[in-house]
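Chain naming here is simple, since letters A, B, ... match the order of the sequence lines and numbering starts at 1 in each. These figures come from a predicted structure and were not determined experimentally.
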Amino acid sequence: MPGPARCTKAPVHDGGLRLGYACVNPGLPSSGRTVRLANATPDRLRELVAANLDALDAILRWNAEHGIEVFRVTSNLIPFGSHPVNRIAWWDEFGDRFAEIGARAGRLSTHPGQYTVLSSVNASIVGAAVAELEYHNRLLEAFELGPSHKIVLHVGSTDRFEANFARLSEGTRSRLVLENDERQPLSDVLPLANRLGVPVVFDVFHHRLAPSFDGLSIRELVQLIGETWRKIDGRQKIHFSTQAPGKRPGAHADTIDLEVFGELVEQVGDLPLDCMPEVKDKERSVMRAKASLAKPIPLIDERR
DNA sequence: CCGCGTCAAGTTCAT
DNA sequence: ATGAACTTGACGCGG
């Protein structure tokens, strides 16, 4: 059968939603094993990197078997990846292994956590944030993946973010994507992203907690934000989740709400998007969502 | 061998 | 000023 070998399975909805998940597949070994700082010797770090790469490989194989092409790699893949205690040239020592895994990977991304604050008032924290982002870039480079494999980051103070953005390497800047959150509306993030020339990940749930662009539909917002995504950036990415009942406003529900997801699909299901449900049950939500996509969407309107 | 206190890191909010 | 939450699993000490 001629044609691209990668796409023989699963009728890829090229004009529609692809789904992925973040960091962990609960049924498989962790790809983020670590060690206490005090015990972080070069040899122990090497063991963990090797084990984490094996675990990631297994997850990505599982994903491929299940038609999942989008995945967020854990920041802990390399323990202490941006910390001075880690002196090993992991990108070099494990270069072949990275390349092998990267060649089979679909669309990868990373998402530095709460401690990475590029817009901090504290210079040493900015320095650590720069180091962390450079680590993430080096990680994606090690897989030999191009700039469509993104690093997703929250913003904080837009002024300081803009100033400190200039400290990042060109490679890192080319992968950076900004995300709106429950405190920072799109109306803050989008102008900044346009000034910096980087794309925006639309977090649909958090947009509802910090609304802006009043009057625009979700579809119109996705299309507006879509203008920040250029060809080199690959498919536009969005995040989807719903409120966890009884938890703090903004907390992600444990599993995907297929009814609310169905409403999203009604609006943007025909657009070429990579969508990541942010949920605890990870690949299970993705499989449920995929199953719901395969069926005709029930459009019985009970709202009247 | 297992249970459970603790773990690199920042920020914000409550007390 | 101090501590918990965020979010989360996994490390590894101590019994």
Side-chain angles (χ1 to χ4, degrees), chain A residues 21-56 58-59 71-88 90 110-136 139 151-161 164 167 178-185 188-189 203 205-206 209-210 239 241-256 276-285:
Chain A
Y21 63 101
C23 304
V24 171
N25 182 318
L28 297 174
S30 167
S31 60
R33 294 190 54 206
T34 185
V35 63
R36 294 289 185 261
L37 179 57
N39 304 327
T41 61
D43 281 343
R44 184 71 187 119
L45 291 170
R46 280 187 189 99
E47 285 175 18
L48 288 164
V49 171
N52 287 344
L53 285 171
D54 287 348
L56 177 66
I59 293 169
F71 186 69
R72 180 191 301 164
V73 178
T74 174
S75 304
N76 294 127
L77 192 78
I78 309 299
F80 300 98
S82 67
H83 190 287
V85 78
N86 188 336
R87 318 268 303 177
I88 67 176
W90 46 268
T110 68
H111 192 358
Q114 61 198 125
Y115 301 113
T116 304
V117 188
L118 191 61
S119 60
S120 175
V121 289
N122 181 328
S124 68
I125 290 161
V126 174
V130 170
E132 180 72 8
L133 292 166
E134 295 300 337
Y135 151 61
H136 281 248
L139 188 61
I151 301 168
V152 179
L153 195 62
H154 296 279
V155 174
S157 149
T158 52
D159 288 346
R160 288 195 299 270
F161 192 100
N164 295 333
R167 294 180 49 179
L178 309 186
E179 181 178 12
N180 65 295
D181 57 50
E182 68 261 55
R183 329 260 294 292
Q184 198 153 38
D188 267 8
V189 175
D203 187 314
F205 171 43
H206 286 152
L209 279 90
H239 290 172
S241 57
T242 54
Q243 177 63 45
K247 292 201 196 162
R248 157 195 76 90
H252 301 297
D254 290 349
T255 191
I256 194 166
M276 196 165 286
E278 296 190 295
V279 289
K280 195 182 290 184
D281 69 355
K282 307 294 179 182
E283 91 292 348
R284 180 168 168 270
S285 277

**Q** CG of A:L48 versus P of C:dA10: gap in Å, rounded?
**A**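 Distance, rounded to whole Å: 12 Å.
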
**Q** Just the rounded figure in Å: distance from C1' of C:dT7 to NE2 of A:H252.
**A**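 So the two atoms are 10 Å apart, to the nearest Å.
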
**Q** In whole Å, what is the span from the CD atom of A:Q184 to the P atom of C:dC6?
**A**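 It works out to 20 Å between those atoms.
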
**Q** Can you tell me, in whole Å, how much space there is between the C1' of C:dC11 and that of B:dG10?
**A**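 About 22 Å, rounded to a whole number of Å.
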
**Q** Sticking with atom P, work out how far C:dT8 lies from B:dC4, rounded to a whole angstrom.
**A**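 My reading of the P atoms in C:dT8 and B:dC4 gives 22 Å.
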
**Q** Atom CG in A:L139, atom CH2 in A:W90: separation rounded to 0.5 Å?
**A**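 Interatomic distance, A:L139 CG to A:W90 CH2, rounded to 0.5 Å: 5.0 Å.
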
**Q** In whole Å, I'd like the distance from the CD atom of A:Q243 to the P atom of C:dC6.
**A**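 Value for this atom pair: 11 Å.
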
**Q** Can you build the contact string for nucleotides 10-15 of chain B? Use B for base contact, S for sugar-phosphate-only contact, and - for no protein heavy atom under 4.0 Å.
**A** BSSS--

**Q** B:dT6 and C:dA4: how far apart are their C1' atoms, nearest whole angstrom?
**A**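 My reading of the C1' atoms in B:dT6 and C:dA4 gives 15 Å.
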
**Q** Is there a residue in residues 25-37 of chain A whose heavy atoms reach under 4.0 Å of DNA chain C, and which residues are they?
**A**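 Per residue number, the list reads A:S30, A:R33, A:T34, A:V35, A:R36.
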
**Q** Just by distance, with hydrogens left out, do A:S124 and A:N122 show a side-chain donor and acceptor under 3.5 Å apart?
**A**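 Checked: A:S124/A:N122 side chains pair up, N/O donor to acceptor below 3.5 Å.
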
**Q** Would A:E132 and A:S75 satisfy side chain to side chain contact (heavy atoms under 4.5 Å, CB included), going step by step from the backbone distance to the final call?
**A** CA-CA 9 Å; A:E132 180 72 8; A:S75 304; 4.2 Å; yes

**Q** Quick check on side-chain contact (heavy atoms from CB on, under 4.5 Å): which of A:N52, A:V49, A:T110 does A:L77 satisfy it with?
**A**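 Among A:N52, A:V49, A:T110, the one that satisfies the side-chain contact (heavy atoms from CB on, under 4.5 Å) with A:L77 is A:N52.
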
**Q** Looking at A:R87, I want to see if its CZ is surrounded by more than 12 non-hydrogen atoms of other residues, nucleotides or ligands under 6.0 Å.
**A**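 Open: at most 12 neighbouring heavy atoms sit under 6.0 Å from CZ of A:R87.
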
**Q** If pairs are Watson-Crick or G-U with both distances under 3.5 Å, what is the dot-bracket string of DNA chain C, marking crossing pairs with [ ] and pairs to another strand with |?
**A** ||||||..|||||||

**Q** Looking at C:dG12, I'd like to know if its phosphate oxygens (OP1 or OP2) sit under 4.0 Å from a side-chain N or O belonging to A:N39.
**A**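 Checking C:dG12 against A:N39, a side-chain N or O does come within under 4.0 Å of OP1 or OP2.
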
**Q** For B:dA8 and C:dG12, measure between their P atoms and round to the nearest Å.
**A**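 Result for the P pair: 9 Å, nearest Å.
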
**Q** Just by distance, no angles: are the side chains of A:Q114 and A:H154 close enough, under 3.5 Å, to form a donor-acceptor pair?
**A**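 The criterion, which ignores hydrogens and geometry beyond distance, is not satisfied for A:H154 and A:Q114.
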
**Q** For the residue pair A:V126 and A:S120, what are the closest heavy atoms and their distance?
**A**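 Closest approach of A:V126 to A:S120, heavy atoms only: CG2-O, 3.4 Å.
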
**Q** Does A:D203 offer a backbone N or O that forms a donor-acceptor pair with the side chain of A:N180 under 3.5 Å?
**A**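 It does hold such a pair.
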
**Q** Can you name the nearest heavy-atom pair linking A:T255 to A:V279, along with the distance?
**A**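 For A:T255 and A:V279, the tightest heavy-atom pair comes out as C-CG1, 3.6 Å.
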
**Q** Using atom NE2 of A:H83 as one end and atom C1' of B:dC7 as the other, report the distance to the nearest whole Å.
**A**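 Spelled out: NE2 on A:H83 to C1' on B:dC7 is 12 Å.
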
**Q** Centroid-to-centroid, A:H252 to A:H206, below 6.0 Å?
**A**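 Distance test on ring centres: under 6.0 Å, yes.
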
**Q** Using the P atom in both, what is the distance from B:dA14 to C:dT7, to the nearest Å?
**A**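 Nearest-Å result for B:dA14 against C:dT7 at atom P: 16 Å.
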
**Q** Could you tell me which non-hydrogen atom of A:P79 sits nearest to which non-hydrogen atom of A:N86, and how far apart they are?
**A**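 In terms of heavy atoms, the two residues are closest at O-ND2, 2.8 Å.
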
**Q** A:N76 CG to C:dT7 C1': how many Å, rounded?
**A**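 Distance check: A:N76 CG to C:dT7 C1' gives 12 Å.
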
**Q** Should the pair A:R72-A:E278 be classified as a salt bridge under the 4.0 Å nitrogen-to-oxygen rule?
**A**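 A salt bridge is present here (some side-chain N lies under 4.0 Å from a carboxylate O).
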
**Q** Can you check the distance between B:dG5 and C:dA5, where both ends of the measurement are the P atom (answer in whole Å)?
**A**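 Each nucleotide's P atom is 15 Å from the other's.
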
